[in-house]
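One structure is given here, and the rest of the page talks about it.
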Amino acid sequence: MTRSLTSAVKTELATNDIRPVHLITIGFGTPVNITDCFPITSSVSGSSVTYSASDFIMGVSDFTEETDVNLSPISITLSGADQTFISTVLNENVITDTVTIFRGFLNDSNALIADPFLFYKGTIDNFSI
């Protein structure tokens with residue numbers, strides 16, 4: 001996937017002090033917007049979205065981007081400590097719900113550098129508890 005990165009992001013990537021953050025939207029019946037950072041409001045996809053800080057994000061796996069159209073799975077590991085997530089996946093049909101992940105970077109003042117880029121967009125094809 002070709003990405004258009006802003007000059008501010010390119011400048012930050014050229015430093016030795018890279019602090020990435022993930023802005024994750026899980027499209028449950030009531031969408032969940034979480035981040036592995038402090039609460040952040042960002043303009044993504046043309047609208048302002050507030051992402052709640054979540055200690056429940058345990059990890060976002062690497063994935064391989066392809067130039068051909070095919071599946072490129074990614075795994076998001078959430079802690080079972082939040083019963084809301086468990087209840088949602090057990091009581092709703094979450095298979096095919098959309099997951100969107102933007103990656104952003106913090107500057108040396110811990111401010112989000114403008115324009116996080118689309119890191120991944122796909123659907124839930126399975127889950128485990």
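- Rounding to the nearest 0.5 Å gives a distance of 10.5 Å between CG of Leu23 and CZ of Arg103.
- Annotation: side-chain hydrogen bond (donor to acceptor under 3.5 Å, both in side chains) contacts of Thr50 (sequence neighbours excluded): Thr41.
- Legend: residues meeting side-chain hydrogen bond (donor to acceptor under 3.5 Å, both in side chains) with Ser87, ordered by chain and number and at least two apart, are Asn91.
- With rounding to the nearest 0.5 Å, the separation of CZ in Phe119 from CD1 in Ile24 is 10.0 Å.
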Quiz: residues 25-40 side-chain donor-acceptor pairs under 3.5 angstrom, not counting sequence neighbours:
{"unit_1": "Thr25", "atom_1": "OG1", "unit_2": "Asn33", "atom_2": "OD1", "d": "2.7"}
{"unit_1": "Thr35", "atom_1": "OG1", "unit_2": "His22", "atom_2": "O", "d": "2.8"}
{"unit_1": "Thr35", "atom_1": "OG1", "unit_2": "Cys37", "atom_2": "N", "d": "3.4"}
{"unit_1": "Asp36", "atom_1": "OD1", "unit_2": "His22", "atom_2": "N", "d": "2.8"}
{"unit_1": "Asp36", "atom_1": "OD2", "unit_2": "His22", "atom_2": "ND1", "d": "2.8"}

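- Applying the side-chain hydrogen bond (donor to acceptor under 3.5 Å, both in side chains) criterion to Asn110, with sequence neighbours excluded, gives Arg19.
- In this structure, OG1 in Thr96 is found 8.0 Å from CD1 in Ile124, a value given to the nearest 0.5 Å.
- Of all heavy-atom pairs between Ile95 and Phe127, the closest is CD1-CD2, 4.0 Å.
- Contact between Phe102 and Thr100 at its shortest, heavy atoms only, is CE1-CG2, 3.5 Å.
- For Asn107, the side-chain contact (heavy atoms from CB on, under 4.5 Å) partners at least two apart in sequence or on another chain are Glu12, Ser109, Ala111, Ile113.
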